[in-house]
Number of protein chains: 2
Amino acid sequence: MSDIDLIIERLELRGHRITSSRRRVLDAVLAQQAHFTVDDLLHTTRKVGRATVFRTMKILLDLNIVCRVMMDDGALHYRLSTGRHHHHLVCTNCGRVEDFSNCDVNSLVRDLQSATQYEIEAHWLEVYGRCQSCQLLASVPESKSAATSKRATSARGGRRGNN
Amino acid sequence: MSDIDLIIERLELRGHRITSSRRRVLDAVLAQQAHFTVDDLLHTTRKVGRATVFRTMKILLDLNIVCRVMMDDGALHYRLSTGRHHHHLVCTNCGRVEDFSNCDVNSLVRDLQSATQYEIEAHWLEVYGRCQSCQLLASVPESKSAATSKRATSARGGRRGNN
DNA sequence: CTCTAAATGAGACGTAGTCTCTGGTCAAGG
DNA sequence: CCTTGACCAGAGACTACGTCTCATTTAGAG
Ligand SMILES: [Mn+2]
Ligand SMILES: [Mn+2]
Ligand SMILES: [Zn+2]
Ligand SMILES: [Zn+2]
């Protein structure tokens, strides 16, 4: 049973209908090898409405089939998910993304919980740095290579790392 | 020397001019007791252009005078910052925000660094939960109280806690 | 096959933020 | 005093990302 069939099964279980549009979006998602935006999907899936792609992505997000990565310029990209809880290590130069699961906030959560009396439900952690190949290319600004380095466009937000 | 004078001094040091618009934005920012949006500022500072408010906020962000909080609905709000590295604990019910600094990712960073060979530069961590008063009000959906619980508007994004 | 609830897609709308352009303020220098 | 030039303000167009509305289509249960 292929990936797509498994996902379709899960969609059906949730009572979602398997429409041709959804199938096309799903195909496009599974064809992505790195992270992507809804716009990327729209370019590859002709004939699917924008709203439908957004709606489908929301479902896939609920099912943990995709996750979202906050790029260092503030843009939110989608990415196929392992389904398990994890976080992202994002290269601020080329946009390459590494997952990691050895998330050790549990002790932090315990401390916070007793210090603030909050009932902690979730957390969001993204780490930023330079991947090995981008370090080697030192200051040479690798114009447009590696991973999914589309979007030279200036972009909004920006500035990761909080204070 | 008041807060505002200290900030103005820092702006001047960076070569920014102290204009009446900037002063008005600054006043509005300092008058906020919780987190706020640019739109909130626009409502309180009459006669300052939208672009100018955004431009001023960007400067304040660079100077670590304000920071941004990712609300659990995905909205980015501004908040007066301590200036030091810290993170946010956000109540998913009323929007109250607590800062915390006992951020113990350093060991995680070390592990990641050696495991992935990334040169880690920054991280972003937000924690979500229910504050004490919202726990007491159990399932009673406190319609519109506490902290800065404006914005009943549906909102984008949503879904904190990653996977 | 029939029927209906669910889904689609076009496009309007909302919000956050940037950009462009024109005009203003102000300080330095002649 | 006048010019110059850097910085800045504000209006409004524009972009990105996402939601909503509504008329139409379709999946899939019976
Ligand atoms: Mn974690
Ligand atoms: Mn930290
Ligand atoms: Zn890289
Ligand atoms: Zn609360």
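Note that these values count all heavy atoms, side chains included, but never hydrogens, waters or copies made by symmetry. Convention: sequence-line order gives letters A, B, ...; per-chain numbering from 1.
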Tell me the interatomic distance from [X], atom [atom1], to [N], atom [atom2], rounded to whole angstroms.
X	N	atom1	atom2	result
A:Arg23	C:dA6	CZ	P	20 Å
A:Met71	D:dC17	CE	C1'	16 Å
A:Arg14	C:dA6	CZ	P	16 Å
B:Arg50	D:dG10	CZ	C1'	12 Å
B:Ile59	D:dA9	CD1	P	8 Å
B:Phe36	C:dA16	CZ	C1'	15 Å
A:Arg55	D:dT21	CZ	C1'	10 Å
A:Phe54	D:dT21	CZ	C1'	17 Å

Q. Contact class for A:Arg22 (heavy atom, under 4.0 Å): base, sugar-phosphate, or nothing?
A.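 Sugar-phosphate, backbone atoms only, no base.
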
Q. So which heavy atom on B:Tyr78 is nearest to which on B:Val66, and how close?
A. CD2-CG2, 4.1 Å

Is the distance from OP1 or OP2 of [N] to the nearest side-chain N or O of [X] less than 4.0 Å?
X	N	result
A:His16	C:dA7	yes
A:Thr19	C:dT8	yes
A:Lys58	D:dG18	no
B:Ser21	D:dC8	no

**Q.** Positive for side-chain contact (heavy atoms from CB on, under 4.5 Å) with A:Ile59, one of A:Arg14, A:Arg22, A:Arg10
**A.** A:Arg22

Q.
A:Leu30 and side-chain contact (heavy atoms from CB on, under 4.5 Å): which single residue from A:Ile7, A:Ile65, A:Val25 fits?
A. A:Ile7

(Q) For B:Arg17 and A:Val53, find the nucleotide of DNA chain C closest to each by heavy atoms; which residue's nucleotide sits nearer the 5' end? (A) A:Val53

Q: Among the candidates C:dA10, D:dA9, D:dG12, find the nucleotide nearest to the side-chain atoms of B:Ala51.
A: D:dG12

**Q.** Straight-line distance of A:Arg24 CZ to A:Leu41 CG, nearest 0.5 Å
**A.** 13.0 Å

Q.
With a 3.5 Å distance limit and no angle check, can you tell me whether B:His87 reaches the backbone of B:Leu125 through a side-chain donor-acceptor pair?
A.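 Present.
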
